[in-house]
Engineer: 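Got a structure for you, written out below as structure tokens; questions coming shortly.
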Amino acid sequence: MKEDEIVIEPFTPEHAAYFRTLNEEWLEKYFHIEPHDVEVLSDAENQIIKPGGEIFFAKLNGKVVGTCALMKHSEQLYELAKMAVTETAQGRGIGKNLALAVIEDAKRKGAKTVFLESNTKLNPAISLYRSIGFIEAEFPIPSVYERANIFMRLELTE
């Protein structure tokens with residue numbers, strides 16, 4: 001492995017603690033941890049993997065520095081969720097690599113649409129989502145998160 005090489009890996013049970021700690025890091029910095037966060041972060045396998053989703057992890061020089069989940073809502077509708085990159089590793093394209101891995105996995109699973117909920121305070125994240133094709137849309141139903149003030153969707157093509 002070359003120095004500064006970013007490797008994206010799918011979930012293994014050993015990754016569960018990283019999923020939680022990486023997400024708690026950014027949530028506590030910008031917002032607060034909400035009840036639905038606790039539910040998902042404390043039981044990622046049952047909340048995300050078993051229903052048909054996936055969680056990816058980014059390693060930089062062998063160390064886990066980022067994560068992002070693909071949550072299944074229906075056969076054709078998936079959510080890009082819980083993206084987190086530790087502060088010291090930001091600005092290296094890790095978030096983009098994770099988002100693209102999630103989108104490719106959604107395509108493999110037969111998704112037609114991937115959506116996400118975020119907050120406009122997170123300018124770099126919103127810019128990243130726009131750069132890979134997500135467009136802003138109305139919330140189809142109220143969010144389970146207090147912090148969510150932007151809904152974005154990406155229509156997938158064959």
Side-chain angles (χ1 to χ4, degrees), residues 6-11 15-16 18-27 29-31 33-34 36-59 64-86 89-158:
I6 299 163
V7 177
I8 306 296
E9 298 179 350
F11 179 86
H15 287 116
Y18 292 108
F19 183 65
R20 184 178 187 137
T21 56
L22 285 163
N23 273 283
E24 287 175 346
E25 179 184 306
W26 78 266
L27 285 166
K29 178 176 180 176
Y30 294 103
F31 305 102
I33 297 172
E34 298 182 34
H36 192 64
D37 294 315
V38 174
E39 192 179 317
V40 174
L41 296 175
S42 62
D43 192 10
E45 271 189 270
N46 285 313
Q47 295 289 319
I48 299 170
I49 306 290
K50 287 185 179 167
E54 185 58 82
I55 304 171
F56 292 93
F57 294 85
K59 284 186 170 178
V64 175
V65 295
T67 187
C68 189
L70 176 68
M71 297 180 74
K72 182 178 181 177
H73 287 264
S74 72
E75 292 303 318
Q76 297 183 344
L77 181 66
Y78 286 77
E79 178 182 4
L80 184 156
K82 303 292 184 217
M83 181 186 287
V85 176
T86 194
Q90 290 175 3
R92 298 173 187 239
I94 294 167
K96 184 173 187 175
N97 283 318
L98 284 164
L100 293 174
V102 162
I103 291 165
E104 283 307 308
D105 193 49
K107 287 178 181 177
R108 278 192 298 276
K109 293 176 185 305
K112 298 285 184 236
T113 305
V114 176
F115 75 91
L116 62 89
E117 297 176 359
S118 191
N119 186 289
T120 51
K121 176 193 230 181
L122 304 172
N123 287 321
I126 302 303
S127 294
L128 164 65
Y129 302 140
R130 285 190 173 116
S131 78
I132 57 177
F134 280 88
I135 57 167
E136 191 171 347
E138 292 293 318
F139 278 86
I141 59 172
S143 177
V144 297
Y145 297 106
E146 290 174 23
R147 67 180 170 269
N149 70 358
I150 187 171
F151 180 90
M152 301 179 87
R153 59 189 296 136
L154 175 67
E155 298 302 329
L156 302 176
T157 53
E158 300 304 314

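Residue numbers count from 1 along this sequence. Because the structure is predicted, anything quoted here is derived from the model rather than measured.
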Engineer: Heavy-atom count check: over 12 atoms from other residues, nucleotides or ligands less than 6.0 Å from Phe11 CZ?
Structural biologist: yes

Engineer: Is the backbone of Glu146 close enough, under 3.5 Å, to the side chain of Glu34 for a donor and an acceptor to pair up by distance?
Structural biologist: yes

Engineer: Return the CG to CD1 distance between Leu128 and Ile94, rounded to the nearest 0.5 Å.
Structural biologist: 12.0 Å

Engineer: Would you confirm whether Asn23, through its side chain, and Phe19, through its main-chain N or O, come within 3.5 Å as a donor-acceptor pair?
Structural biologist: yes

Engineer: Output the distance between atom CG (Asn97) and atom CD1 (Ile6), rounded to the nearest 0.5 Å.
Structural biologist: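 Between Asn97 CG and Ile6 CD1, I get 5.0 Å after rounding to 0.5 Å.
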
Engineer: Please find the pair of heavy atoms, one from Glu79 and one from Val114, that lie closest to each other, and give the distance.
Structural biologist: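 It is C-CG1, 4.4 Å.
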
Engineer: Has Ser74 got a side-chain atom pairing as donor or acceptor with Leu77's backbone, closer than 3.5 angstrom?
Structural biologist: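 Yes: the side chain of Ser74 pairs with the backbone of Leu77.
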
Engineer: So that I can tick it off, tell me whether Glu117 and Arg147 are bridged by a salt bridge, with the cut-off set at under 4.0 angstrom between side-chain N and carboxylate O.
Structural biologist: no

Engineer: Please determine if Lys121 forms a cation-pi arrangement with Phe31, meaning its NZ or CZ atom is less than 6.0 Å from the six-membered ring centre and no more than 45° off the ring axis.
Structural biologist: yes

Engineer: Within this structure, what is the NZ-CD1 distance for the pair Lys96 and Ile132, rounded to the nearest 0.5 Å?
Structural biologist: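 Rounded to the nearest 0.5 Å, the NZ-CD1 separation comes to 7.5 Å.
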
Engineer: Might you point out which heavy atoms bring Leu154 and Gly133 nearest each other, and give the distance in Å?
Structural biologist: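 Of all heavy-atom pairs spanning Leu154 and Gly133, the closest is CD1-O, 3.4 Å.
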
Engineer: Given side chain to side chain contact (heavy atoms under 4.5 Å, CB included), test Arg92 with Val65 step by step and report yes or no.
Structural biologist: CA-CA 11 Å; Arg92 298 173 187 239; Val65 295; over 6 Å; no

Engineer: For Ile8 versus Ala58, what's the shortest heavy-atom pair and its separation?
Structural biologist: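 Taking every non-hydrogen atom into account, CD1-CB, 3.7 Å.
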
Engineer: Could you tell me the separation between the CG atom of Leu27 and the CG atom of Leu22, rounded to the nearest 0.5 Å?
Structural biologist: 11.0 Å

Engineer: Between Gln47 (side chain) and Leu41 (backbone), is there a donor-acceptor pair under 3.5 Å?
Structural biologist: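 A pair under 3.5 Å: no.
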
Engineer: For Glu155 and Thr113, run side chain to side chain contact (heavy atoms under 4.5 Å, CB included): C-alpha distance rounded to whole Å, both residues' side-chain angles, the deciding distance at 0.1 Å, then the answer.
Structural biologist: CA-CA 5 Å; Glu155 298 302 329; Thr113 305; 2.7 Å; yes

Engineer: Decide yes or no for Asp37 and Lys82: does some side-chain heavy atom of the first lie under 4.5 Å from some side-chain heavy atom of the second?
Structural biologist: yes

Engineer: Should Ile103 and Phe134 be marked as a side chain to side chain contact (heavy atoms under 4.5 Å, CB included) after you check the CA-CA gap, both sets of side-chain angles, and the distance that decides it?
Structural biologist: CA-CA 11 Å; Ile103 291 165; Phe134 280 88; 4.0 Å; yes

Engineer: Ignoring hydrogens, what is the shortest heavy-atom contact between Ala84 and Trp26? Give both atom names and the distance.
Structural biologist: CB-CD1, 3.4 Å

Engineer: I need the minimum non-hydrogen distance between Ser118 and Leu116, along with the two atoms involved.
Structural biologist: CB-CD1, 4.0 Å

Engineer: Dump the intermediate steps for side chain to side chain contact (heavy atoms under 4.5 Å, CB included) on Thr67 and Ile55, then the final yes or no.
Structural biologist: CA-CA 7 Å; Thr67 187; Ile55 304 171; 3.4 Å; yes

Engineer: Which one of Phe151, Tyr129, Tyr78 satisfies the ring-ring contact (aromatic ring centres under 6.0 Å, His included) criterion with Phe115?
Structural biologist: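 Single ring-ring contact (aromatic ring centres under 6.0 Å, His included) partner of Phe115 among Phe151, Tyr129, Tyr78: Phe151.
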
Engineer: Enter the distance from Leu80:CG to Leu98:CG here, rounded to the nearest 0.5 Å.
Structural biologist: 9.0 Å

Engineer: Looking at every non-hydrogen atom in both residues, tell me the closest pair between Arg20 and Ser42 and how far apart they are.
Structural biologist: NH1-CB, 3.2 Å

Engineer: How many angstroms lie between CD1 in Ile126 and CD in Glu136, if you round to the nearest 0.5 Å?
Structural biologist: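 Between Ile126 CD1 and Glu136 CD, I get 8.0 Å after rounding to 0.5 Å.
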
Engineer: State whether the number of non-hydrogen atoms from other residues, nucleotides or ligands found under 6.0 Å of Lys109 atom NZ is greater than 12.
Structural biologist: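 It does: Lys109 NZ has more than 12 such atoms within range.
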
